[in-house]
Amino acid sequence: MLPKDIEERINPSIKNIVSLEQLLSSYLVAESIIEIREERKVAFKKQSEDSLPKLDSPDSRAQEMYKEFSKLVGYRYPFVYMCKIALEDMIYYEFANDPSVVTAASQDTAHFNKEYGFGTNYTVLAKVNLYDHTLNVFEEGLIQGREKGRAMQIAIPMLSCLLHDFGKSNKIRSQIQGGDGVGKVYTAHAQMSGSYIKEILLPKYNKILNEIPMETINSLARAVESHHPNNASLKKDIIISEVIKADTNARKKEFQKISKNLKGEW
């Protein structure tokens, strides 16, 4: 039996432990369980990273974002493969050669005054190419994803941030519309981004796994098609609001950076 003065200081919840040996034994068992769990978590993380599909991109920034996204979604292959396809398509469709602002299309630029307060200075943002802007918004989406935490709740918003402006790619527009687009009615980039998801990304994905539910595809398409909403109700949608927030934050940072550069303050 324990001495009376020591017994009185023991938490009532463990008074049924009648000896220091039992107390020590219980502690060691609990510590071992925690250690085993940590070892398993480390092993799972390494195994998941080692089996991560290789991203065919020379851009180290894209590579790091790909790894970060994969980790945040728990290495779930459907989401990982869609991210891989999209990042590789940014190279294939030469996003770096296209501006991130379609200055000739009022449908695409009217939101700048209202949402960002940039006024006619939206032309400054045309200096940011589509590749860099897409990664900037994706990065903001990853930041938001880290804050939210749960993989299934953040995967669609983060992918939507990545895919939101794919419809600004001239090569994607040409592939979907056929020809060079001359004489065709201009389709706003948001709607064209939705078409990319359904007509280009989905077929490519199906060649790899063919297991993504259409509900996921429709959610992605709806989010990118509505990221410049005309009504307040769409802005309240959880996924759409995440894309709007990421796009807005990225644009503000781009505008500030370019403005400093123009003033010689880079």
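Note that this is a predicted model, so its numbers are computed, not measured. Numbers for residues simply follow the sequence, beginning at 1.
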Exercise for review: Could you pull out all residues at least two apart from E199 that satisfy salt bridge (charged side-chain N to carboxylate O under 4.0 Å, His left out)?
Suggested key: none
Point to revise | Residues forming a side-chain contact (heavy atoms from CB on, under 4.5 Å) with I238, sequence neighbours excluded | key: none
Practice item. Look up atom CG in L72 and atom SG in C83, then write down how far apart they are to the nearest 0.5 Å. Key: 10.5 Å
Check your understanding: So, R251 side chain and T248 main chain: donor-acceptor pair closer than 3.5 Å or not?
Key -> no
Exercise for review: Would you please name every residue forming a side-chain contact (heavy atoms from CB on, under 4.5 Å) with E64, sequence neighbours left out?
Suggested key: K67
Check your understanding: Where is the tightest heavy-atom contact between C161 and H164, given as atom of each residue plus distance?
Key -> O-ND1, 2.8 Å
Check your understanding: Checking K127 against F255: charged group under 6.0 Å from the ring centre and within 45 degrees of the axis?
Key -> no
**Study point:** Sidechain-backbone polar pair: E242 side chain, G141 backbone, donor-acceptor under 3.5 Å
**Key:** no
Exercise for review: Report yes if the side chains of R61 and N136 come closer than 4.5 Å at any heavy-atom pair, otherwise no.
Suggested key: yes
Review point. When rounded to the nearest 0.5 angstrom, what distance separates OH in Y92 from CD1 in I200?
Key: 9.0 Å
Practice item. Examine distances only and state if a side-chain atom of H227 and a backbone atom of V224 form a donor-acceptor pair shorter than 3.5 Å. Key: yes
Check your understanding: Centroid-to-centroid, H189 to H228, below 6.0 Å?
Key -> yes
Practice item. With ring-ring contact (aromatic ring centres under 6.0 Å, His included) as the test, would you mind laying out the steps for Y131 and F95 before giving the verdict? Key: CA-CA 5 Å; Y131 184 89; F95 277 32; 7.3 Å; no
